[in-house]
Colleague: 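Starting off with a structure, shown below.
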Amino acid sequence: MTSGGDAPGMNAAIRSVVRTCAYYNIECVGIYRGYQGMIEGDFKPMDARSVKGIINKGGTMLKSARSTEFRTKEGRQKAYDSLKEENVDGLVVVGGDGSFTGALIFNQEFGFPVMGIPGTIDNDIYGTTATLGYDTALNTVVDVIDKIRDTASSHNRLFFIEVMGRDAGHIALNTGVGAGAEEILIPEEDLGLERLTESLRRSKRSGKSSSIVVVAEGDKIGKSVFELKDYVDEHMHDYEVRVSVLGHMQRGGSPSCFDRVLASRMGVKAVESLLDGKTNFMVGLVNDKMNLTPLDQAIKGQSKINTELLRVSDIMTT
Ligand code: ATP
């Protein structure tokens with residue numbers, strides 16, 4: 001099942017789970033539309049051939065949904081009844097922390113074995129150095145910033161580019177360093193408006209004719225990219241300021257090789273762990289090895305921002 005926001009690599013994870021089941025001669029059913037489909041019994045048997053041609057596709061062939069009904073005891077009871085009717089013995093959920101919270105509650109109520117695979121572009125989940133879709137999103141964003149820079153440098157413009165990341169600045173920090181941004185604003189660090197304008201003035205004095213500032217949705221200064229533009233317009237007259245909000249295009253597209261490989265590894269580990277009798281874990285990548293983190297820790301723990309990268313970014317913008 002895929003649940004919550006879609007992410008590139010979810011299809012590759014579905015393929016891996018289905019093929020691992022085929023390898024071990026286990027019957028496998030796909031649950032459509034997340035927990036809502038589970039409640040409604042929207043299941044389809046899947047074999048190795050039913051997942052052909054999807055490894056390179058973005059989105060999720062099983063569709064995703066947000067289900068308010070699953071948040072109620074009655075909804076979860078219906079979901080349990082559907083699974084029992086279909087003779088399902090274990091569940092692999094590809095999703096984010098909300099989906100894992102649902103899985104954990106479901107297990108606590110019915111003792112149903114569950115295993116999580118982290119699928120979200122934000123990389124904001126504890127217990128893995130990379131979530132599915134994160135690497136693809138980084139490459140998509142860097143590609144777009146490169147294109148915007150062409151315009152910025154042709155017109156001596158300053159661009160504020162908003163990227164996804166309400167609670168975590170991983171996308172902003174990594175793409176900012178990767179695309180050579182002059183400043184990076186993230187939720188984990190308060191740069192302050194004055195420091196921002198000072199830094200932009202310094203860039204200008206050092207001979208830069210254009211500037212790119214990458215801003216995470218939830219940046220600590222607490223201003224939207226449009227408010228940032230207004231502030232800089234008012235306090236600095238050296239640049240023409242423009243704003244670009246990248247939005248949902250960051251979620252789409254064909255998964256990178258890294259995400260396809262990660263999804264393949266995670267799917268195998270998830271099925272093998274259920275076969276080993278394990279439950280309530282999330283599969284993750286730690287020190288390039290597959291690792292299991294208890295779901296409650298994955299939900300509550302914080303994925304920390306890379307402080308070494310923050311320092312690198314500071315040095316690169318001098
Ligand atoms: P993303 O990171 O993309 O937002 P997510 O998995 O965190 O993904 P959510 O919308 O938070 O996405 O959760 C997905 C679904 O999980 C919800 O629609 C709901 O059905 C279920 N869910 C979330 N929290 C709970 C909860 N506390 N109890 C029961 N079910 C829940």
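Numbering of ligands and ligand atoms starts at 1, following listing order.
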Colleague: Would you mind checking which non-hydrogen protein atom is closest to atom 6 (O) of ligand 1, with the distance to 0.1 Å?
Modeller: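 It is Ser99 OG, 2.4 Å.
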
Colleague: Suppose we screen for salt bridge (Lys or Arg N to Asp or Glu O under 4.0 Å). Which residues come up paired with Lys147, at least two apart in sequence or across chains?
Modeller: Asp143

Colleague: Does a side-chain N-to-carboxylate-O contact under 4.0 Å join Asp276 and Lys278?
Modeller: yes

Colleague: Can you tell me which residue and heavy atom of the protein come closest to atom 22 (N) of ligand 1, and the distance to 0.1 Å?
Modeller: Gly98 O, 3.4 Å

Colleague: Please indicate whether any nitrogen or oxygen in Ala65 is less than 3.5 Å from any nitrogen or oxygen in ligand 1.
Modeller: no

Colleague: Heavy atoms only: give me the nearest Glu217-Arg166 pair and the separation to one decimal.
Modeller: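 It is OE1-N, 3.5 Å.
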
Colleague: Does Lys204 count as lying over the ring of Tyr239, i.e. NZ or CZ under 6.0 Å from the six-ring centre, within 45 degrees of the axis?
Modeller: yes

Colleague: For Tyr35 and ligand 1, does the shortest N/O to N/O distance drop below 3.5 Å?
Modeller: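 The answer is no, given that Tyr35 and ligand 1 share no N or O pair closer than 3.5 Å.
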
Colleague: Quick one: do Leu262 and Thr128 satisfy side chain to side chain contact (heavy atoms under 4.5 Å, CB included)? Show the steps, please.
Modeller: CA-CA 11 Å; Leu262 184 62; Thr128 186; 5.6 Å; no

Colleague: Will you find, in the side chains of Glu183 and Ser199, an N or O donor that is under 3.5 Å from an N or O acceptor?
Modeller: yes

Colleague: Once you restrict to heavy atoms under 4.0 Å, what part of Phe70 touches ligand 1? Side chain, backbone, both or neither.
Modeller: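 Both parts.
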
Colleague: Which one of Ile186, Val214, Val245 satisfies the side-chain contact (heavy atoms from CB on, under 4.5 Å) criterion with Val163?
Modeller: Val214

Colleague: Give me the nearest non-hydrogen protein atom to atom 19 (C) of ligand 1 as residue plus atom name, then the distance to 0.1 Å.
Modeller: Ser67 O, 3.4 Å

Colleague: Please state which protein non-hydrogen atom is closest to atom 25 (C) of ligand 1 and give its distance, to 0.1 Å?
Modeller: Arg71 NH1, 3.6 Å

Colleague: Please determine whether a side-chain nitrogen of the Lys or Arg among Arg205 and Glu198 lies less than 4.0 Å from a carboxylate oxygen of the Asp or Glu.
Modeller: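 A salt bridge is present here (some side-chain N lies under 4.0 Å from a carboxylate O).
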
Colleague: Which ligand 1 atoms does Asp97 reach within 4.0 Å, using its non-hydrogen atoms?
Modeller: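 Within the 4.0 Å cut-off of Asp97, ligand 1 contributes 7 (O).
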
Colleague: Just which atoms of ligand 1 are under 4.0 Å from any heavy atom in Ser3?
Modeller: 14 (C), 15 (C)

Colleague: Please report the closest heavy-atom contact between Ala181 and Thr317, naming both atoms and the distance.
Modeller: O-CG2, 3.3 Å

Colleague: Within the structure, does Thr68 bring an N/O atom to less than 3.5 angstrom of an N/O atom in ligand 1?
Modeller: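 N/O-N/O distance below 3.5 Å does not exist for this pair.
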
Colleague: Return the residue, atom name and 0.1 Å-rounded distance of the protein heavy atom closest to atom 31 (C) of ligand 1.
Modeller: Gly102 CA, 3.7 Å

Colleague: Please classify the Thr101 to ligand 1 contact at 4.0 Å (heavy-atom distances, strictly less than): side chain, backbone, both or neither.
Modeller: side chain

Colleague: Output the list of atoms in ligand 1 that are nearer than 4.0 Å to some heavy atom of Ile105, sorted by atom number.
Modeller: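 Numbered from 1, ligand 1 contributes 26 (C), 27 (N), 28 (N).
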
Colleague: How far is atom 1 (P) of ligand 1 from its nearest protein heavy atom, and which residue and atom name does that atom have?
Modeller: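 Residue, atom and distance for the closest contact: Gly5 N, 3.8 Å.
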
Colleague: Could you check atom 12 (O) of ligand 1 against the protein and tell me its nearest heavy-atom contact, residue, atom and distance included?
Modeller: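 Scanning the protein heavy atoms, the shortest distance from atom 12 (O) of ligand 1 goes to Arg66 NH1, 3.0 Å.
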
Colleague: Restricting to pairs with a member in residues 96-122, which pass salt bridge (Lys or Arg N to Asp or Glu O under 4.0 Å), not counting sequence neighbours?
Modeller: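 Matches after skipping sequence neighbours: Arg76-Glu109.
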
